Amino acid sequence: MKTSWRSASLVASAAAVLALTTACGQDSPPAASQNVGATAAPGDYGNIGAGTGSGVGGTASSPAAPSASSPSNPAGKLSVSTADEIGKVVTDSLGLTLYRFDQDTEQPPKSNCDGDCAKTWPPVPADDAEAGEGIDKALLGTVTRADGTKQLTVGGWPAYRYAKDVNAGDVKGQGVGGKWYALAPDGKKAQEGGAGAAGGGGAEAEAGLSTREDPKLGEIVVDKNGMTVYRFKKDKAWPKPVSNCTGECLEKWPLVEPVDFADTKGIQEKGYMIFDRTDGKGKQQTINCSPIYTFAGDKAPGDTNGQGVGGTWYAVRPDGKLVGASE
């Protein structure tokens with residue numbers, strides 16, 4: 001009886017491991033595993049614009065000076081500027097670009113950027129904002145934030161600055177995380193009315209995740225905005241997804257939030273799953289169980305500036321494999 005019980009226990013354990021293996025789309029566990037608790041060191045996630053890919057890049061910049069991006073800095077007289085690639089954008093009295101956040105709402109206006117988010121994207125106070133040339137006064141409004149302060153809205157959308165825009169005319173926040181876009185004078189995303197961008201034509205991809213043919217990398221995965229999707233070699237896929245990109249790393253490599261498989265096109269279904277992160281950042285999408293991200297250094301659809309950064313970040317094939325690197 002003791003032998004039978006032990007045999008049954010071994011069979012059950014094997015079945016559990018097999019279930020995890022199948023769920024994560026793996027045929028067998030890797031020869032060696034990484035420390036689950038390990039996180040990316042500064043050199044592992046690289047500097048924005050340090051990749052080997054093509055497209056509009058740039059080096060990582062220092063946070064904006066308090067006088068430029070301080071939450072208490074008034075907007076003053078708003079005006080319209082023309083930014084390369086994306087067309088007309090709203091700027092404040094200092095010439096700094098104003099942005100909108102896809103996770104906010106316009107009807108009724110509501111800001112969903114608080115805490116650390118509001119440090120990176122300081123809300124624009126509504127106090128002394130006024131319409132300058134090219135701005136329709138009727139489109140300006142206010143929304144009361146969770147802390148009771150009044151935030152400027154343009155066309156109903158809460159307005160923000162970006163902490164890394166340090167000079168008048170900077171648009172470094174355009175497309176960050178596939179959720180942040182410069183405000184056009186009518187309150188819409190600047191890219192929708194702009195001159196278009198390389199590889200994307202200024203239009204959003206039809207599916208939440210799809211593929212495109214890159215002239216150098218071949219077929220790669222892109223998000224709904226046409227932004228390139230990447231994997232981090234220090235992450236884990238087996239026996240369950242684990243992201244080792246946390247903290248500052250996530251500012252440069254925003255996670256891809258869950259996308260229903262029905263809203264994908266050309267992506268492998270095996271191992272397509274979401275998982276709960278252990279750092280309180282919510283759920284993240286995977287392809288073949290590998291966590292996926294976008295890159296803050298990619299400014300426009302078609303950019304692949306994250307390719308090869310730090311020798312650990314690579315674009316993703318439709319089956320979840322790395323582009324240009326071994327697993």
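Residue numbers start at 1 and run along the sequence shown. All figures in this text were calculated on a predicted structure; none of them were measured in a lab.
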Thr120 and Tyr160: side chain donor to acceptor below 3.5 Å: no
Gap separating the CD atom of Glu327 from the NZ atom of Lys321, nearest 0.5 angstrom: 7.5 Å
Note: Asp214-Arg212 ion pair, threshold 4.0 Å (strictly below): yes
side-chain hydrogen bond (donor to acceptor under 3.5 Å, both in side chains) partner of Tyr230, chosen from Asp298, Thr294, Thr304: Asp298
Close side-chain approach of Val229 to Phe295, heavy-atom, < 4.5 Å: no
Gln284 (side chain) donor-acceptor with Ile292 (main chain) under 3.5 angstrom: yes
Lys88 side chain to Ser81 side chain, donor-acceptor N/O pair below 3.5 angstrom: no
Student check: side-chain heavy atoms of Asp165 and Tyr99 closer than 4.5 Å: yes
Charged N-O contact under 4.0 Å between Asp279 and Lys281: no
Aromatic ring proximity, centroids under 6.0 angstrom, Tyr293 and Trp313: yes
Side-chain heavy atoms of Lys172 within contact of Thr97, under 4.5 Å: no
Euclidean distance, Thr91 OG1 relative to Leu183 CG, rounded to 0.5 Å: 11.0 Å
Check against salt bridge (charged side-chain N to carboxylate O under 4.0 Å, His left out), Lys189 and Asp102: CA-CA 9 Å; Lys189 299 177 185 178; Asp102 277 0; 3.1 Å; yes
Residue pair Gln268 / Pro318, side-chain heavy-atom distance below 4.5 Å: no
Check: Ile267 and Tyr272 side chains under 4.5 Å, non-hydrogen atoms: yes
Rounded distance [0.5 Å steps], CZ in Arg231 versus SG in Cys245: 13.5 Å
Gap separating the OG1 atom of Thr149 from the CG atom of Asp127, nearest 0.5 angstrom: 9.0 Å
Short side-chain to backbone donor-acceptor contact, Asn305 and Gly297, under 3.5 Å: yes
Any donor-acceptor N/O pair, Asn112 side chain to Gln103 backbone, under 3.5 Å: yes
Parallel, tilted or perpendicular: ring planes of Trp180 versus Trp121, cut at 30 and 60 degrees: parallel
N/O donor-acceptor pair under 3.5 Å between Arg100 side chain and Gly187 backbone: yes
Where Leu96 and Val166 come nearest, the two heavy atoms and their spacing: CD2-C, 4.4 Å
Distance (rounded to the nearest 0.5 Å) between Glu130 CD and Lys77 NZ: 5.0 Å
Close aromatic pair by centroid cut-off 6.0 Å: Phe232 and Trp253: no
Non-hydrogen side-chain atoms of Gln285 and Leu209 separated by less than 4.5 Å: yes
Reported CZ-to-OG1 distance for the pair Phe275 and Thr286, which is rounded to 0.5 angstrom: 7.5 Å
Side-chain heavy atoms of Lys110 within contact of Pro158, under 4.5 Å: no
Val323 vs Ile220 side-chain heavy atoms within contact, under 4.5 Å: yes
